[in-house]
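As the structure is a computational prediction, the values presented were derived from the model and not from experiment. Values below: every heavy atom of this structure, side chains too, minus hydrogens, waters and symmetry copies.
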Amino acid sequence: WSDVVVHKWHYRKYALQTKMVLSCSVVLVFGGALLFYMIEGNRLFADMDMTGKICSSFFCAVTPRTAGFNTTDTSMLSEGGKLLTIILMFIGGGSGSTAGGVKMATIFVLLLHLRSTLLRTSGTNIFGRRVDHETVTKASALLCTYLFFSMAATLIICSIQDFPIGDVLFEVTSAVCTVGMTAGLTGQLNAASQVIIIFLMYIGRLGSLSFALSFTDHKKPAHIMQPIEEINTKQGGTAEMEKTMKIEGMMCAHCSGRVEKALAAIDGVSAVEMSLEGKSATLTLSKDVDNQVLTDAVTQAGYEVVSVQ
């Protein structure tokens, strides 16, 4: 909020983080309210007047990502309404806030990366800035960690007790995202299921990624890197290759831009991800490109290649 207070209505002066949070909030609040109105307008909200429907739609769109309060009976939501609530709970609030979920910035970054991959563009770019590759990696790890805990807990509870999977997923998501909403199953859970929900609440408040990393923070990194072997992740196509170059001499965004431009011009290089902080370039190759060709391109741009892996 300090960014908004200082720069007032000068949106272009906002930090990238502020722009992402504000953009996501507008889409989730107004888009979520519209979807709730369309889904529940003739169901749960059927007995309300127009004002009541609109207010309830906005409240249902906001509360799953923040407070966890409810003005309507959550257990009476339609299947579509419950699924939308689960999605909003999973996304959560802004980074640095007390809200739960994987955070809006995480989803925003991953959607940008998906767009970049589908359009085969170089870098994850938005608002005239590029998101660092390490940030994309952390966002992916966070999303996968939350999904793993949510799916595992849902599977276990469904195996222990015979509840509808949608209601169980609602309870689990509410717990791991520290929302506090329920579809009416909380009082019917047995001791084992309650322990699982308590565990999810704990790691959700602590942060599931932080919880997972707590077991590895003190481990020493390996001094020998294993050789790379390519795998085919394309359906019926040719596997793309990836190489990482360690480059010395890059001191600013202009430097990394020059290197990126030189590498992107090479035949067979389909995408280039630059990391100024890590002084590296990650290349996606549509075909095998000799390391010497890559090294020569960086050298001609005025920089030194330390290694190519």
Side-chain angles (χ1 to χ4, degrees), residues 1 4 17-18 20-108 111 142-143 146-147 149-150 153-154 163-189 197-198 200-208:
W1 285 109
V4 177
Q17 173 76 17
T18 306
M20 292 172 64
V21 170
L22 291 177
S23 301
C24 279
S25 296
V26 170
V27 172
L28 292 175
V29 171
F30 288 93
L34 178 61
L35 289 174
F36 267 115
Y37 184 86
M38 295 171 60
I39 295 171
E40 301 294 345
N42 296 320
R43 295 171 179 168
L44 185 59
F45 305 156
D47 296 331
M48 300 180 184
D49 57 18
M50 182 59 68
T51 302
K53 290 181 179 180
I54 293 175
C55 290
S56 295
S57 296
F58 273 102
F59 197 91
C60 287
V62 172
T63 191
R65 300 190 302 108
T66 53
F69 297 115
N70 59 288
T71 55
T72 56
D73 188 354
T74 308
S75 62
M76 297 303 293
L77 285 169
S78 64
E79 294 302 311
K82 288 181 181 178
L83 179 58
L84 179 56
T85 304
I86 290 172
I87 293 173
L88 293 174
M89 288 192 295
F90 191 81
I91 294 174
S95 301
S97 70
T98 56
V102 297
K103 307 300 184 184
M104 292 185 290
T106 299
I107 301 299
F108 199 102
L111 288 177
L142 181 62
L143 179 69
Y146 266 84
L147 285 174
F149 281 118
S150 299
T154 301
F163 290 135
I165 187 172
D167 290 344
V168 175
L169 184 59
F170 192 102
E171 299 290 327
V172 166
T173 306
S174 177
V176 76
C177 296
T178 61
V179 178
M181 299 181 72
T182 177
L185 292 187
T186 305
Q188 304 177 46
L189 298 176
I197 294 297
I198 293 171
L200 291 176
M201 291 178 178
Y202 174 76
I203 64 173
R205 186 67 280 168
L206 178 65
S208 57

Could you tell me which non-hydrogen atom of [X] sits nearest to which non-hydrogen atom of [Y], and how far apart they are?
X    : Y    : result
V29  : A61  : O-CB, 3.7 Å
L88  : R65  : O-CG, 3.1 Å
G100 : T178 : CA-OG1, 3.5 Å
G32  : L84  : O-CD2, 4.0 Å
S57  : A33  : CB-O, 3.4 Å
L185 : D167 : CD1-CB, 3.4 Å

How far apart are the C-alpha atoms of F45 and Y37, what are their side-chain angles, what is the distance that settles it, and do they pass the side chain to side chain contact (heavy atoms under 4.5 Å, CB included) test? CA-CA 8 Å; F45 305 156; Y37 184 86; 5.6 Å; no
Check step by step if side chain to side chain contact (heavy atoms under 4.5 Å, CB included) holds for S174 and F90. CA-CA 8 Å; S174 177; F90 191 81; over 6 Å; no
Check whether more than 12 heavy atoms from other residues, nucleotides or ligands sit under 6.0 Å from atom CG of L147, and answer yes or no.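 Count over threshold, so yes.
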Does a sphere of radius 6.0 Å around CG in D47 hold more than 12 heavy atoms from other residues, nucleotides or ligands, not counting ones at 6.0 Å or beyond?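 Counting neighbours around CG of D47, 12 or fewer heavy atoms of other residues, nucleotides or ligands fall under 6.0 Å, so no.
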How far apart are the C-alpha atoms of M181 and F170, what are their side-chain angles, what is the distance that settles it, and do they pass the side chain to side chain contact (heavy atoms under 4.5 Å, CB included) test? CA-CA 8 Å; M181 299 181 72; F170 192 102; 4.0 Å; yes
Can the ring centres of F59 and F36 be said to be less than 6.0 Å apart?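 So the answer is no for these two rings.
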Side chains of [X] and [Y], heavy atoms from C-beta outward: is any pair under 4.5 Å?
X   : Y    : answer
M50 : I54  : yes
M89 : V176 : no
L77 : I39  : no
C60 : T72  : yes

Set of salt bridge (Lys or Arg N to Asp or Glu O under 4.0 Å) partners for K53, sequence neighbours left out: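 None.
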Verify side chain to side chain contact (heavy atoms under 4.5 Å, CB included) between V172 and L200, making sure each step is shown before the conclusion. CA-CA 7 Å; V172 166; L200 291 176; 3.6 Å; yes
If I take atom [atom1] from residue [X] and atom [atom2] from residue [Y], how far apart are they, to the nearest 0.5 angstrom?
X    : Y    : atom1 : atom2 : result
I203 : I198 : CD1   : CD1   : 13.0 Å
F149 : C177 : CZ    : SG    : 12.5 Å
E171 : I86  : CD    : CD1   : 9.5 Å
L169 : T154 : CG    : OG1   : 4.5 Å
L28  : M104 : CG    : CE    : 6.5 Å
Y146 : I91  : OH    : CD1   : 13.0 Å

Taking S78's backbone N and O only, do any of them form a donor-acceptor pair with E40's side chain (distance below 3.5 Å, no angle check)?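 Confirmed, E40 side chain pairs with S78 backbone.
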Between D73 and S75: side-chain donor-acceptor atoms closer than 3.5 Å: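 There is such a pair between these side chains.
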